[in-house]
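What follows is a short report on a single structure.
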Amino acid sequence: MTCTGGVALMLSGKVSAAGAGAMGFDTAVPLTAKTARAYFDQGYRFCVRYVSRTDRTRAANAKKGLDDLSEAEGKLILDAGLALMVVQHVAATGWVPYETLGTGYGLKAAEFSQAAGLPPGVNVWLDLEDIPKGTPKADICAYANAWFAEVKAAGYVPGVYVGFNVWLSPDELFFNLATQHYWRADGKIPEVSHRGYQLFQHVVKTGPKTELDKNVAMPDALGGSAIWLAP
């Protein structure tokens with residue numbers, strides 16, 4: 001959020017359930033007005049943009065051209081007709097989840113989402129993947145639930161992106177994680193018992209070394225949907 005005369009500014013839009021069958025994309029690369037509009041013209045209706053885990057990783061990402069979502073970018077995304085949600089970058093291979101790490105990362109997910117002007121009530125997603133084999137399941141769940149708690153305390157609705165090497169069973173995903181919003185990565189990913197997923201990712205090769213992460217929104221088996229900020 002930017003401030004004018006001490007008043008915090010927030011992105012304008014409607015917090016609402018994602019439309020069934022809506023096609024979107026997630027990207028770590030900031031959008032411009034031109035690229036956002038080009039996505040809309042190709043039929044995309046929502047975008048999931050990234051924020052960092054710490055101040056240090058935020059600075060490092062910026063040097064790589066992978067800046068966090070900003071209030072200015074959020075506005076141009078909405079102005080292009082795209083709905084918006086946020087996900088936090090996962091740590092590099094070799095990271096190990098534990099409860100206090102989840103608390104710290106969750107605090108920053110909330111802080112950086114607020115800095116971008118994201119209003120309360122929108123899904124902010126935990127990227128859960130690439131966990132070392134043999135990590136105690138209790139530590140994985142404690143990490144995720146601590147993250148969810150901080151994001152929820154800031155007024156957002158936590159969700160989880162389930163990627164590769166999460167090591168949790170369908171029942172553990174449903175019963176042991178304190179969220180009602182699940183996003184499925186491309187590939188061989190466990191189901192979520194009883195509920196299922198609300199976002200489905202499809203990785204599409206666009207060149208020899210490039211790809212696009214397409215996503216489709218659908219209500220889950222319990223009638224829940226992803227929650228976005230619509231234009």
Side-chain angles (χ1 to χ4, degrees), residues 1-4 6-13 15 18 24-32 35-36 46-80 82-92 95 97-130 143-161 163 178-179 181 183 199 201 213 215 226-231:
M1 278 175 286
T2 56
C3 294
T4 304
V7 178
L9 300 181
M10 194 170 289
L11 292 171
S12 296
V15 178
F25 62 99
D26 61 277
T27 178
V29 178
L31 301 181
T32 64
T35 56
F46 69 94
C47 172
V48 189
R49 277 285 286 119
Y50 281 81
V51 294
S52 299
R53 300 181 307 280
T54 66
D55 294 312
R56 182 176 179 179
T57 58
R58 191 180 196 189
N61 288 334
K63 289 182 179 179
K64 300 175 185 176
L66 306 177
D67 303 78
D68 279 16
L69 174 70
S70 66
E71 188 265 342
E73 184 192 356
K75 185 176 185 303
L76 67 84
I77 288 170
L78 295 166
D79 287 348
L82 300 170
L84 178 64
M85 291 179 284
V86 166
V87 62
Q88 186 180 56
H89 286 286
V90 71
W95 79 282
Y98 53 93
E99 185 173 4
T100 55
L101 185 66
T103 296
Y105 286 173
L107 280 167
K108 287 299 180 179
E111 177 187 331
F112 296 149
S113 295
Q114 290 172 332
L118 193 72
V122 178
N123 272 144
V124 175
W125 298 90
L126 167 65
D127 187 342
L128 192 64
E129 62 181 313
D130 199 15
Y143 166 82
N145 289 333
W147 192 97
F148 297 149
E150 296 302 329
V151 167
K152 184 177 180 179
Y156 298 115
V157 180
V160 60
Y161 170 91
T179 181
H181 299 273
W183 174 7
L199 292 180
Q201 186 183 70
D213 292 346
N215 294 275
I227 304 173
W228 61 26
L229 180 65

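Worth knowing before you read on, the calculation uses all heavy atoms, side chains too, and leaves out hydrogens, waters and symmetry mates. Computed from a predicted model, the values in this text were never measured in an experiment.
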Nearest atoms (heavy-atom pairs only) where [X] meets [Y]:
X    : Y    : value
L78  : A230 : CD2-C, 4.0 Å
P120 : M10  : CD-SD, 3.8 Å
A110 : E150 : CB-O, 4.3 Å
N123 : G159 : ND2-N, 4.5 Å

Apply salt bridge (Lys or Arg N to Asp or Glu O under 4.0 Å) to [X] and list each qualifying residue two or more places apart in sequence or on a separate chain.
X   : value
E73 : R49
D55 : K108
K75 : D79

Side chains of [X] and [Y]: donor-acceptor distance under 3.5 Å anywhere?
X    : Y    : answer
T57  : T54  : yes
Q201 : Y161 : yes
N215 : D26  : yes

Is there a side-chain contact between [X] and [Y], using heavy atoms and a 4.5 Å cut-off?
X    : Y    : value
V29  : L66  : yes
V157 : H181 : yes
W183 : D127 : no
L11  : L84  : yes
V151 : F148 : no
W228 : V86  : no
D213 : F25  : no
V15  : I227 : yes

- L128 CG to Y143 OH distance, which is reported to the nearest 0.5 Å: 7.0 Å

- Kindly indicate, with the supporting measurements, whether the criterion ring-ring contact (aromatic ring centres under 6.0 Å, His included) is fulfilled by W95 and Y105. CA-CA 13 Å; W95 79 282; Y105 286 173; 7.3 Å; no

- Please find out if less than 6.0 Å separates the ring center of Y156 from that of W125. no

- Say whether, by atom type as modelled, one donor and one acceptor occur between the side chain of T35 and the main chain of L31 under 3.5 angstrom. no

- Task: Output yes when a side-chain donor or acceptor of N145 lies under 3.5 Å from a complementary backbone atom of A178, and no otherwise.
- Result: yes

